[in-house]
Amino acid sequence: MDLKQNYPLKDLNTFGIAVTARQYASFKSVPELQELLKHPAIDKENLLVLGGGSNVLFTQNYEGTILQNRIEGMTIVSENEDFALVEAGGGVGWHELVLFAIAGGLGGLENLSLIPGTVGAAPLQNIGAYGVELKDVFYNLEAVEISTGNLKIFDADSCGFGYRESVFKKELKGKYIVTHVTLQLQKKPAFNISYGAIKSTLEAMQVKEITLKTLSDAVIAIRRSKLPDPAIIGNAGSFFKNPEISPAEFASLKEQFPEIPSYPAAHGNIKVPAGWLIEHCGWKGKKIDNYGVHTDQALVLVNYGGGQGNQIRALAYDIIESVRQKFNITLLPEVNII
Ligand code: EPU
């Protein structure tokens with residue numbers, strides 16, 4: 001086991017924030033993780049598990065232990081006429097798994113193409129895009145309990161999935177490490193092109209026949225046109241969640257701002273795009289020194305290089321405050337601020 005001290009994290013978070021971890025180790029298998037958790041030097045109370053580092057903003061050096069999941073492997077574990085169960089290691093890159101499914105003719109992940117991050121991190125926030133969420137294809141996951149090292153299987157119900165939510169962000173926060181995820185994928189894919197931009201992109205690409213590959217290509221084209229590539233400009237995707245408000249609150253907003261977009265949400269509530277609210281407070285494309293708000297999607301905060309986590313956090317708070325003043329809506333960060 002290789003426990004490193006004062007480990008640089010700049011390349012391990014997609015915001016590209018240059019901080020260090022007091023301790024760092026990675027693991028490639030469940031037994032390796034269980035072994036690590038028995039190590040007396042590991043700070044179990046201040047343990048942070050990193051996947052692709054694509055949903056975190058470090059505002060200071062991390063004074064605990066960072067463990068990085070590097071469990072690989074993608075396998076079809078069982079199949080019938082309609083479905084295949086695909087198990088993937090938590091350290092597999094999410095988009096690698098999407099490509100594996102598409103190559104095998106298995107449907108369900110194509111709308112989730114190109115999402116940064118790892119398979120192990122995907123269930124934590126029930127990743128979603130273009131009308132599909134992880135929970136729609138989820139079968140179960142295997143996780144190690146940090147306090148005991150025991151393995152546990154969680155089915156969809158016990159994961160408590162919601163919009164960018166799961167039990168692992170709430171009651172079980174910091175208690176388990178996801179080691180493997182199993183998805184139920186379709187052998188006779190049912191394509192989901194309900195999201196407006198998908199239809200128009202397929203048309204613009206002059207796609208004659210919708211296949212897993214063409215749909216995935218359309219999603220990739222949309223993402224590339226709006227979202228900055230973290231390999232080029234530091235970012236963690238949407239920085240805030242889209243707020244959900246009551247129909248009464250929405251009605252009064254709509255009176256003041258008739259052009260405000262909206263979508264139906266759970267429990268009869270209404271979801272409004274945070275990107276629209278932020279843009280209408282004048283933040284879109286705003287650049288302060290070497291960080292700011294993305295030019296093509298106001299929901300994404302960016303680090304052009306050398307930006308500090310606490311500066312980006314301060315910008316996020318300023319945005320929250322101006323959206324609250326103008327729209328009386330309090331935005332919640334989607335990114336983990338550490
Ligand atoms: N909009 C603006 N200005 C902006 C951005 C958005 O007016 O700067 C408005 C537009 O009206 C647009 C609507 O917001 O029609 C929705 O925008 P978009 O389709 O880009 O999606 P989003 O609601 O901003 C969510 C997810 C994204 C996901 C897309 C597509 C959240 C927090 N974000 O963004 O997820 O890719 O939908 O499904 O739910 C992520 O989680 O990191 C992420 C990128």
Side-chain angles (χ1 to χ4, degrees), residues 26-37 49-55 67-129 132-146 148-161 164-169 172 175-190 192 212-213 215-216 219:
S26 65
F27 56 91
K28 289 197 165 119
S29 68
V30 170
E32 238 183 87
L33 169 61
Q34 289 168 323
E35 214 34 58
L36 264 174
L37 291 173
V49 183
L50 267 192
S54 55
N55 205 41
L67 296 184
Q68 191 164 33
N69 188 339
R70 293 197 190 275
I71 301 177
E72 293 293 331
M74 295 180 275
T75 342
I76 296 179
V77 288
S78 76
E79 56 190 312
N80 62 24
E81 221 176 281
D82 298 316
F83 296 106
L85 292 184
V86 174
E87 185 195 68
V92 172
W94 175 260
H95 188 61
E96 254 182 272
L97 177 59
V98 173
L99 294 177
F100 174 85
I102 293 173
L106 300 172
L109 302 187
E110 55 286 354
N111 291 43
L112 304 176
S113 294
L114 213 64
I115 296 184
T118 54
V119 167
L124 268 72
Q125 56 154 341
N126 180 27
I127 58 168
V132 175
E133 286 184 332
L134 178 80
K135 72 171 174 50
D136 303 330
V137 288
F138 183 85
Y139 185 72
N140 70 18
L141 66 78
E142 176 202 82
V144 167
E145 189 177 24
I146 292 171
T148 60
N150 294 339
L151 268 181
K152 187 173 166 177
I153 303 291
F154 289 80
D155 63 11
D157 277 349
S158 47
C159 288
F161 291 126
R164 295 295 193 276
E165 279 298 346
S166 76
V167 73
F168 304 105
K169 277 176 84 174
L172 299 185
K175 299 213 178 324
Y176 283 87
I177 297 175
V178 176
T179 48
H180 290 90
V181 176
T182 301
L183 304 178
Q184 177 172 293
L185 303 180
Q186 310 141 3
K187 287 204 170 163
K188 300 165 191 157
N192 184 333
L212 295 174
K213 175 77 170 61
L215 190 42
S216 167
V219 167

Rounded to the nearest 0.5 Å, what separation is found between the CG atom of N126 and the SG atom of C159?
9.5 Å
In this structure, CG of L183 is separated from CG of L97 (nearest 0.5 Å) by 6.0 Å
Establish, from distance only, whether the side-chain atoms of E87 and T75 form a donor-acceptor pair under 3.5 Å.
no
If you count every heavy atom of other residues, nucleotides or ligands that lies below 6.0 Å from K169 atom NZ, does the total exceed 12?
yes
When N111, I102, L112 are each screened for side-chain contact (heavy atoms from CB on, under 4.5 Å) with S216, the one that passes is I102
Side chain proximity check, L67 to L33, heavy atoms < 4.5 angstrom
yes
Would you check, one step at a time, whether the test side chain to side chain contact (heavy atoms under 4.5 Å, CB included) holds for F27 with N69?
CA-CA 6 Å; F27 56 91; N69 188 339; 3.6 Å; yes
Carefully, step by step, assess H180 and V30 under the rule side chain to side chain contact (heavy atoms under 4.5 Å, CB included).
CA-CA 9 Å; H180 290 90; V30 170; 4.0 Å; yes
Look at the side chain of Q34 and the backbone N and O of G149, then say whether any donor-acceptor pair between them is shorter than 3.5 Å.
yes
With a 4.5 Å limit on heavy-atom distance, are the side chains of F161 and E133 in contact?
no
Which atom names give the shortest non-hydrogen contact between L109 and A101, and what distance separates them?
CD1-CB, 4.0 Å
Any chance the rings of F83 and Y139 have centres within less than 6.0 Å?
no
side-chain contact (heavy atoms from CB on, under 4.5 Å) test vs Q184 passes for just one of L106, L85, V86, namely L85
Less than 4.5 Å apart, side chain to side chain, heavy atoms only: is that true for Y176 and L141?
no
Could you grab the distance from atom CG of L151 to atom CD1 of I177, nearest 0.5 Å is fine?
11.0 Å
Please report the interatomic distance CD1(I146) to CG(L37), rounded to the nearest 0.5 Å.
6.5 Å
Between E110 and V98, is any pair of side-chain heavy atoms under 4.5 Å apart?
no
Gap separating the OG1 atom of T182 from the CD1 atom of I153, nearest 0.5 angstrom
7.5 Å
Kindly indicate, with the supporting measurements, whether the criterion side chain to side chain contact (heavy atoms under 4.5 Å, CB included) is fulfilled by L185 and F100.
CA-CA 11 Å; L185 303 180; F100 174 85; over 6 Å; no
Backbone of S166 reached by a side-chain donor or acceptor of Q125 within 3.5 Å:
no
What's the shortest heavy-atom distance between L172 and F154, and which atoms?
CD1-CE2, 3.6 Å
Check whether any side-chain heavy atom of E72 sits under 4.5 Å from a side-chain heavy atom of V92, and report yes or no.
yes
If you take all heavy atoms of T118 and G90, which pair is closest and at what distance?
CB-O, 3.4 Å
How far apart are the closest heavy atoms of G128 and R164, and which atoms are they?
O-NH2, 3.0 Å
For residues G120 and V178, report the shortest heavy-atom separation together with the two atoms involved.
O-CB, 3.6 Å
Which heavy atom of V181 sits nearest a heavy atom of P123, and at what distance?
CG2-CG, 3.8 Å
If you round to the nearest 0.5 Å, how far is CG of D136 from CG of N192?
8.0 Å
Between V119 and M74, is the side chain to side chain contact (heavy atoms under 4.5 Å, CB included) condition met? List the steps.
CA-CA 10 Å; V119 167; M74 295 180 275; over 6 Å; no
